[in-house]
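The structure appears right after this line, and notes come after that.
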Amino acid sequence: MTNWKASGLSKDLPPANVMHADWQGVDLAVWRSASGRLSAWVDRCPHRGMRLSHGFVRGETLACIYHGWTYGVTGACTHIPAHPDMTPPATITATRFEVTERGGVIWIAAKDDPTAPPDIAGFQPLRSLTVQVGEQALLQALAADAPGLTEAEGGLRGTVQIAGLDTQICLMLQPKAQETTLHILCGAGAGPAQVSRWAESLRRQIEDRSAP
Ligand code: FES
C-alpha cells in the first residue's frame, strides 16, 4: 500500500513555476526550480502565512509574494528583503513533504515515506481534469460507467471501449472537498484526442447525474 498520492502531471509544472496542490486536505505549494528540482511545501509562508503558491520562482529559490522572504530548495529562508544584511535564522524554514516524479506524474507523500510511488509503466500521461463531485461519488459513477476499470495501486486501471477500440486507461484520483481531479494516462488503444474527448464526455455525464 503506497502513501504516495498523484498530485499533478510533470508536464504541467515546467521549470521556474509554482502551483497549488491539495494533498489529503493539506494545502501545498509545489514548485520546480529553474534547474528542474522539484519541492513540495506546506502552502504557508513562515513569516505571516501568505500562500507560497502565490509566490514566484527565482533560479533555485521560491520568494513569497507578500514581503519577499526567499526560501532555498532545502526550505530554509535565505533572504529577508527588509534586512538585506542579516543571515536569516535557521529556524525559519518551510515545512517540506516528500515529492518525486515517476512515469510523468508528480507524487507527494508525508516526509520520510520509505515506499516507492506506484509503477505505471506502459501508460503515458495525457491530461488532468477536475470533476465537480467528491471522490466516493466519482468512484461509484466510474464503477457504473467504466466497469473495465478496477482499483490498482494509486488509482484505477483497466480497459475501456473508446472509439470502438479496447483502450488501456489509468486514472489517478486527487480529491479535494466536493471535487476530484483525475490525472489521466493512456496506454494502447485509442489516440490521445479520442481519450481526451471520452474523459470530457464522462465528466459531463457524471456531473449532470449528480446535479441537484
Ligand atoms: S508573509 Fe511571506 S514574506 Fe511576509
Side-chain angles (χ1 to χ4, degrees), residues 2-117 125 127-135 154-155 172-183:
T2 182
N3 294 315
W4 293 90
K5 304 294 179 195
S7 303
L9 297 183
S10 298
K11 63 182 182 176
D12 293 332
L13 186 63
N17 274 273
V18 57
M19 69 178 192
H20 169 266
D22 186 287
W23 189 90
Q24 307 281 84
V26 181
D27 289 312
L28 299 180
V30 185
W31 66 282
R32 194 189 295 280
S33 73
S35 73
R37 189 160 166 182
L38 199 59
S39 301
W41 300 344
V42 169
D43 197 7
R44 190 172 191 286
C45 178
H47 183 214
R48 290 198 187 157
M50 171 59 77
R51 281 189 183 276
L52 289 168
S53 58
H54 292 170
F56 46 93
V57 179
R58 279 186 183 142
E60 301 304 295
T61 65
L62 177 65
C64 176
I65 199 167
Y66 200 0
H67 308 98
W69 288 27
T70 300
Y71 303 88
V73 290
T74 63
C77 183
T78 57
H79 181 62
I80 297 177
H83 304 282
D85 298 327
M86 185 181 91
T87 300
T91 50
I92 302 177
T93 180
T95 303
R96 297 169 55 189
F97 276 62
E98 294 291 330
V99 61
T100 191
E101 292 172 283
R102 187 176 195 188
V105 174
I106 295 172
W107 300 95
I108 296 177
K111 200 152 167 34
D112 299 327
D113 192 298
T115 65
R127 61 179 291 192
S128 300
L129 187 81
T130 297
V131 187
Q132 298 298 320
V133 297
E135 183 181 27
M172 301 290 171
L173 277 62
Q174 184 181 9
K176 179 185 179 184
Q178 292 310 304
E179 64 180 40
T180 309
T181 298
L182 284 175
H183 303 296

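Both counts, for ligands and for their atoms, begin at 1 and track the order of listing. In this text, all values refer to a predicted model and were calculated from it rather than measured experimentally.
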Verdict with supporting geometry, D27 and R51, salt bridge (charged side-chain N to carboxylate O under 4.0 Å, His left out): CA-CA 9 Å; D27 289 312; R51 281 189 183 276; 3.5 Å; yes
Side-chain donor-acceptor pair present, S35, E60, cut-off under 3.5 Å: yes
Total protein N, O or S atoms, atom 4 (Fe) of ligand 1, separation less than 2.8 Å: 2
Any side-chain donor near an acceptor of the partner, E179 and T130, under 3.5 Å: no
Under 3.5 Å: donor-acceptor pair, side chain of W69, backbone of H79: no
Residue from M19, K11, K5 passing side-chain contact (heavy atoms from CB on, under 4.5 Å) with I106: M19
F56, CZ: over 12 other non-hydrogen atoms inside 6.0 angstrom: yes
